[in-house]
Amino acid sequence: DLYGLIEFGSDTLAKVSLLPSDVIIDHDIWKIEEKVRLKFEEKRTIIEGFELSNKNQLIAINGAVSSSKDDLLEIVAENFKLSSLSQLTKGFGVDIEGTMNGSAHLSAILGTPNIESELTVDSLRYNKTQIGFLDLSSAYDNEANNVIVNATIHKNNKKTADVNGVIDFKSKTDNLDLNLLLNQTELIIFEPFVSLLVSDLKGNVSSDLKILGKFNKPEINGELILSNAGVTVNYLKTPYLINDKVSVQGSIITLNNLIIKDKFNNQATATGTINLNNLENPEINVIINAVNFMALNTTAKDNPSYYG
């Protein structure tokens, strides 16, 4: 419940003072203190002392909302538990945990906005898998209509991921210019991008990738080294283990006698290509050589025409 007072004066259109109030987020009670002030001026809104807190968690907002570049709005997060967002993420099959700290600075929100942000997430977990410590900085330039991104992940005192580059929203041909360096990174963080093909990702991946092209058709180039990588092929429901490397050129994965093991430790080799330029309907042209290898793990409930 929110409680407040509204005042009308000659210097502003209106002033709103929020009284101590409680807000329930994911079954937790968050408190708004009495010092919150909102001033509504012509073409400008000023926010002073907005703090939403739950124990040692804090979301604070101060500044002005207008079309002027001189008016800044600051949003600060302290010890914010990402699990508080579970009601929003669980519908997408995502369980995310960690403690976020950081700030964002926005200007000219009602005009040509610019945004700069720096945040960290400690003990980041994705679907119960420990990812590590995330450090992310980004800057949105409205005039250039692009975002400059720098992000790193550390785990066990080792950098496991480094992403940097530019995301260009105005270009009709090249929206992406990103460098992705992975060092024994948890494979599960890529599950949202390949969920139509495989699931239950486990293990680690190392790579030095370049990502170019358009949002709807990124071009990925580089090499992937898979370590104890576990995947389940959705259509076949077969879990496999891979300790090998593959090359990627133009978003086409090339397999050259890739060694695959099934859950009984039987081995097969795969040679061919997987074209990911259309993720909704990837083109797979792979020859598998195997003896006594699990190729199907379905039941009649999955497909009554054939299963095994």
Side-chain angles (χ1 to χ4, degrees), residues 23-30 52-60 75-104 117-138 147 149-165 167 178-209 211 224-234 237 239-243 263 279:
V23 177
I24 298 177
I25 302 176
D26 195 28
H27 308 295
D28 290 329
I29 297 177
W30 289 69
L52 184 64
S53 62
N54 170 262
K55 297 178 182 178
N56 69 332
Q57 299 184 78
L58 175 69
I59 301 294
I75 303 174
V76 175
E78 294 181 3
N79 301 312
F80 180 75
K81 305 295 183 185
L82 294 181
S83 57
S84 300
L85 304 175
S86 62
Q87 295 298 319
L88 299 176
T89 62
K90 67 180 183 180
F92 300 96
V94 173
D95 179 18
I96 190 166
E97 300 175 59
T99 303
M100 183 175 72
N101 287 276
S103 63
S117 65
E118 293 188 6
L119 64 86
T120 63
V121 180
D122 194 11
S123 302
L124 177 63
R125 297 176 68 89
Y126 179 89
N127 286 355
K128 307 302 181 183
T129 297
Q130 185 72 35
I131 303 301
F133 181 88
L134 171 66
D135 190 340
L136 171 65
S137 65
S138 62
V147 176
V149 178
N150 286 282
T152 60
I153 296 176
H154 286 80
K155 183 179 180 183
N156 298 329
N157 298 317
K158 180 178 67 176
K159 184 188 290 187
T160 60
D162 191 338
V163 183
N164 63 80
I167 301 173
L178 299 171
N179 301 296
L180 177 60
L181 184 64
L182 305 176
N183 181 21
Q184 292 292 300
T185 306
E186 299 294 338
L187 192 60
I188 193 173
I189 66 174
F190 297 101
E191 192 162 59
F193 307 103
V194 295
S195 58
L196 293 176
L197 283 175
V198 294
S199 57
D200 197 24
L201 271 61
K202 300 181 178 69
N204 306 96
V205 58
S206 299
S207 72
D208 186 358
L209 299 177
I211 304 173
L224 298 170
I225 301 174
L226 303 169
S227 304
N228 293 318
V231 300
T232 297
V233 180
N234 296 337
K237 292 199 171 180
Y240 295 129
L241 183 68
I242 303 172
N243 281 285
K263 67 179 184 180
L279 281 175

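The analysis underlying the following values was restricted to heavy atoms, covering all of them including side chains, and did not include hydrogens, waters or symmetry mates. Note that the coordinates shown come from a computational prediction; the quantities given were computed from them, not determined experimentally.
- Checking Asn164 against Asn179 by side-chain atom types alone, a donor-acceptor pair falls below 3.5 Å.
- Every residue meeting the side chain to side chain donor-acceptor pair (under 3.5 Å) condition with Gln130, not counting sequence neighbours, appears here in chain and number order: Arg125.
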Go through Ile188 and Asn127 one step at a time and tell me if the side-chain contact (heavy atoms from CB on, under 4.5 Å) criterion holds. CA-CA 8 Å; Ile188 193 173; Asn127 286 355; 4.0 Å; yes

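- A distance of 10.0 Å separates CD of Glu78 from OG of Ser103, quoted to the nearest 0.5 Å.
- A 4.5 Å side-chain heavy-atom check between Val121 and Phe133 finds every atom pair outside the cut-off.
- Taking every heavy atom of both residues into account, Ala229 and Leu187 meet most closely at CB-CD2, 3.8 Å.
- Using a 4.5 Å heavy-atom cutoff, the side chains of Asn204 and Asn228 are not in contact.
- Checked against side chain to side chain contact (heavy atoms under 4.5 Å, CB included), Thr99 has the following partners two or more places apart in sequence or in another chain: Asn79, Lys81, Asn101.
- A donor-acceptor contact closer than 3.5 angstrom links the side chains of Ser138 and Ser117.
- By the salt bridge (charged side-chain N to carboxylate O under 4.0 Å, His left out) test, Asp200 is found to be paired with Lys202, residues two or more places apart in sequence or in another chain being considered.
- Every side chain to side chain donor-acceptor pair (under 3.5 Å) that Asp162 has, sequence neighbours left out, goes to Lys159.
- Contacts of Leu180 classified as side chain to side chain contact (heavy atoms under 4.5 Å, CB included), with partners at least two apart in sequence or in another chain: Val163, Leu182, Phe190, Leu209, Ile211.
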Between Leu58 and Trp30, does a side-chain contact (heavy atoms from CB on, under 4.5 Å) hold up when you go through it step by step? CA-CA 9 Å; Leu58 175 69; Trp30 289 69; over 6 Å; no

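- Judged by distance alone, the side chain of Asn54 and the main-chain N or O of Ile29 form a donor-acceptor pair under 3.5 Å.
- Every residue meeting the ring-ring contact (aromatic ring centres under 6.0 Å, His included) condition with Tyr240, not counting sequence neighbours, appears here in chain and number order: Phe293.
- Lys237 meets the salt bridge (charged side-chain N to carboxylate O under 4.0 Å, His left out) test with Asp302; sequence neighbours excluded.
- The distance from the CG atom of Asn183 to the OG atom of Ser206 is 5.0 Å, given to the nearest 0.5 Å.
- The minimum heavy-atom distance between Leu224 and Ser207, with the atom names listed, is CD2-CB, 3.5 Å.
- Take Asp208 and apply the side chain to side chain donor-acceptor pair (under 3.5 Å) test, not counting sequence neighbours, and it matches no residue.
- By the salt bridge (charged side-chain N to carboxylate O under 4.0 Å, His left out) test, Glu191 pairs with no residue at all, sequence neighbours left out.
- In plain terms, the two heavy atoms of Gly132 and Lys155 that are nearest each other are CA-CB, 4.3 Å.
- Judged by distance alone, the side chain of Asp135 and the main-chain N or O of Thr120 form no donor-acceptor pair under 3.5 Å.
- For the side chain to side chain contact (heavy atoms under 4.5 Å, CB included) test, residues two or more places apart in sequence or in another chain that qualify with Ile96 are Leu82, Thr89, Val94, Leu124.
- Judged as a side chain to side chain donor-acceptor pair (under 3.5 Å), and not counting sequence neighbours, the contacts of Ser227 are Gln184.
- Side-chain contact between Leu136 and Val149: present, with at least one pair of heavy atoms (C-beta onward) separated by less than 4.5 Å.
- For Lys128, the salt bridge (charged side-chain N to carboxylate O under 4.0 Å, His left out) criterion is met by Asp95, Glu97, not counting sequence neighbours.
- Taken to the nearest 0.5 Å, the CD1 atom of Ile25 stands 11.0 Å off from the CD atom of Gln87.
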Any chance you could lay out the side-chain contact (heavy atoms from CB on, under 4.5 Å) test for Val231 and Leu197, step after step, and finish with the verdict? CA-CA 10 Å; Val231 300; Leu197 283 175; over 6 Å; no

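- Across all their heavy atoms, Ala151 and Leu134 have their closest contact at CB-CD1, 4.4 Å.
- Here the side chains of Leu85 and Phe80 are in contact, with some heavy-atom distance below 4.5 Å.
- Other residues, nucleotides and ligands contribute only 12 or fewer heavy atoms inside 6.0 Å of the CG atom of Asn157.
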